[in-house]
**Student:** 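Before I ask anything, here is the structure I am working with.
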Protein chains: 4
Amino acid sequence: MTGPRTSGKKRANGVESRQRILDAAVAIAGERGYDGTSIAAVSARCGLPASSIYWHFRDKDDLIAAVIERSFETWLAAVELPGEEAGTPLDRAMIMAANVAKSLVNEPDFLRLGLMLALERRPEEPRSRTVFFQVRHIARQRIEEVVRFVLPQLDEDAVRLLTTYAIAGADGLFVQREFNGDSVDLVEMFQFHARLVYETGVRMAAERAR
Amino acid sequence: MTGPRTSGKKRANGVESRQRILDAAVAIAGERGYDGTSIAAVSARCGLPASSIYWHFRDKDDLIAAVIERSFETWLAAVELPGEEAGTPLDRAMIMAANVAKSLVNEPDFLRLGLMLALERRPEEPRSRTVFFQVRHIARQRIEEVVRFVLPQLDEDAVRLLTTYAIAGADGLFVQREFNGDSVDLVEMFQFHARLVYETGVRMAAERAR
Amino acid sequence: MTGPRTSGKKRANGVESRQRILDAAVAIAGERGYDGTSIAAVSARCGLPASSIYWHFRDKDDLIAAVIERSFETWLAAVELPGEEAGTPLDRAMIMAANVAKSLVNEPDFLRLGLMLALERRPEEPRSRTVFFQVRHIARQRIEEVVRFVLPQLDEDAVRLLTTYAIAGADGLFVQREFNGDSVDLVEMFQFHARLVYETGVRMAAERAR
Amino acid sequence: MTGPRTSGKKRANGVESRQRILDAAVAIAGERGYDGTSIAAVSARCGLPASSIYWHFRDKDDLIAAVIERSFETWLAAVELPGEEAGTPLDRAMIMAANVAKSLVNEPDFLRLGLMLALERRPEEPRSRTVFFQVRHIARQRIEEVVRFVLPQLDEDAVRLLTTYAIAGADGLFVQREFNGDSVDLVEMFQFHARLVYETGVRMAAERAR
DNA sequence: AATGAATGAGGATTCATTCAT
DNA sequence: AATGAATGAATCCTCATTCAT
């Protein structure tokens, strides 16, 4: 019954505490945004006193930046381009689109928080916002690569345009779902979007060839 | 002793004060969101004491709801479908897309605030959020009408799908611009988007006809 | 028995509240210095909630600066140079020295706080410290005038030197009393000091004449 | 397993750590006073974690008391009465005055902290304050001895008076310099003061002889 | 129509200190 | 000899709101 005593509750375990705090913070920040996330609320949710949060993070901004960093890693892992066995390049892109949609349905906090952060404009830009832009940039490069891979005939300007458009559609559809709830089938919409972007790309390449 | 004094410096002008408050509130709420908008900040920006704000608005929530309502009206006026003299239905839709883009560039506060409001999730939904959903619904109907007008052959499901997609693209591109600043030409992107939606509609109609 | 209802307790009376806050703040800051003066303590002593203090003063620094300003005025009023009927210039200076000593015994808070403020060195100089230096400068000019009046033969360099020395002695004797309590007769020491400074001045003037 | 490891990187050197902590503490306490000195700040400055400070010192008060003790020793060493080869008793006292002035210019932290401590009045007197009074008392005796040595004809009351006055002048001039910065030549002022005290002593002795 | 003053609740953050390792 | 982690109490200050005038 006693088993191997995983942690002994009261004995200092920095790593685990840090995770508990981050878990609480994602949940709250993902729902309430930067200003709406109070340290007291995070403290209440993770069970550690507010002052302990300050042992692990310099300040609220640092905490939220860490939230972004961690959720991005999780998210990134979930959205790899599938291997060749998955079919044609388009097939593989469609599967990826579905995967991204699914990950956004299951863990919407990352993008929700990110979008709120991005929309806000305050006198002194918080570090967390900068961090979101950074990871966002990485994500964008990932998508650019996929576009280049699926539509190799496109020139760089077209790749950039399509990528921008692809991301905009994804963000917009995500927002739509936040509005309308489950009535929006995000997977379906993402695939619709992906096909449209693909077809547009094909047409652009064709026009270029002429 | 003094009689009914019609105007006179401090004798107040309710309407104007209300406008001043709203002007301050749009600016702040459009940049900082709901939680980030403090009555004190609005008071400082409009020059009226906080207590005066409470004379005009029941509470903070009421104020922000009023902000949404007013900016929506302004916005709505700016985005009429142009008259017949503007050319074919598609031409007219393209002009409208450009107009919407321009209005978002000039007055981004309305949509920025709306999106922040929509993304937030809090225990007791604020009235301002509901109001945003309401006006958003009106806007959606407007766009549905345009879709129906431009692509009369489409069935209702397709109209809804296209409308959803059209709005998503618009939101997404707006967000993109908030990220990347002026480097994104919103008018151009909106027209790109409009054409794409239109062509998709045409293809859907053709498929249906078969 | 009811009398003319001076204030009605709960009805807003800004001026009086401000005084109550300042009264509390002098007492505490005069004993504990800048860092030792907590808003909560001031609040407890004056009976107004902490948030009310912030209605009257921008922040703690502003409050303490106001404390300095007000106590300086009080102090200044107490230390006029007596009129001619008081005797020779020296007699009058001696009386003034005694008066200063008495005022410091009765209300030591002003100087005690000021000295603490002056001794502290922090990254960003608080406004209250600057204010103390300002009023201190005024006080110095006052004393310079007295020196000039009592020892008209002195050149300006000598006036400055004697003034510096006079103030240093006053400060030092005050500190001494803070150490040793009532065992130091401040009035007596101030007069001893005043006479010494005077005699030195006389000797300096004589030397100069040669 | 490892045996008694004599030194080895992290094997700690109690004495040195203690010194590092004290070094950091003098600097901070000398600038910010008792309340303004936080353990966290000392920790940051000396590089050791806060908990290590508590290994060396019982509590903050104990730390500051130790600061006083150590700096007093340093200070005391710097201000010996020069030997006979330095000239007449007055010459020697003048040299000593200059030395004291120099030591205060070079290491003002000791006296600055001490004066702040002395001026503060708090409910439960901190041990550090008591310690300052103790060392201050030792310093006072030293000076009394010098006065007695330089002016052997004086009675005890006069010695005490002159000593009090001498210290007051020293403190006051030190404070003056804290106010006005380098524009006050402390060495010069201390010698001016010393001469004045000496001459006063001579006159007092003469009066007594009569 | 407007406002000066007040206020309790809550905001982020720092404090001195402890304790198991 | 030292330290990572934790913690309750206190810090300054802002919040939305009220109310008598």
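All values derive from a computational prediction rather than experimental measurement.
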**Student:** Can a side chain N or O of A/H56 be found less than 4.0 Å away from OP1 or OP2 on F/dG4?
**Tutor:** no

**Student:** Counting only side-chain nitrogens and oxygens, does D/S17 get under 4.0 Å of the OP1 or OP2 atom of F/dA1?
**Tutor:** no

**Student:** Nearest whole angstrom, please: distance from the P of F/dT18 to the NZ of B/K60.
**Tutor:** 14 Å

**Student:** Write down the partner of E/dA20 under the Watson-Crick or G-U wobble criteria, each distance required to be under 3.5 Å.
**Tutor:** F/dT3

**Student:** Looking at CD of C/E120 and CZ of D/R32, how far apart are the two atoms once the value is rounded to the nearest 0.5 Å?
**Tutor:** 6.5 Å

**Student:** Can you check whether D/S51 has a side-chain N or O nearer than 4.0 Å to OP1 or OP2 of F/dA2?
**Tutor:** no

**Student:** Are any side-chain N or O atoms of C/S43 and backbone N or O atoms of C/L48, one a donor and one an acceptor, separated by less than 3.5 Å?
**Tutor:** yes

**Student:** Ignoring hydrogens and geometry, is there a side-chain-to-backbone donor-acceptor pair from B/R127 to B/D61 under 3.5 Å?
**Tutor:** no

**Student:** With both distances under 3.5 angstrom, what nucleotide forms a Watson-Crick or G-U wobble pair with F/dT14?
**Tutor:** E/dA9

**Student:** Any carboxylate oxygen within less than 4.0 angstrom of a Lys/Arg side-chain nitrogen, looking at A/D23 and A/R18?
**Tutor:** no

**Student:** For DNA chain F, what residues of residues 31-50 of chain B have any heavy atom nearer than 4.0 Å?
**Tutor:** B/T37, B/S38, B/I39, B/A40

**Student:** Is any NZ, NE, NH1 or NH2 atom of the basic residue among D/D35 and D/K60 found under 4.0 Å from an Asp or Glu carboxylate oxygen of the other?
**Tutor:** no

**Student:** Regarding F/dA2, can its base be found pairing with the side chain of D/W55 as donor and acceptor, where the two atoms are less than 3.5 Å apart?
**Tutor:** yes

**Student:** Any ion pair linking C/R112 and C/D109 (charged N to carboxylate O, less than 4.0 Å)?
**Tutor:** yes

**Student:** With DNA chain E as reference, determine whether D/R58 or A/D61 sits nearer its 5' end, using the nearest nucleotide of each.
**Tutor:** A/D61

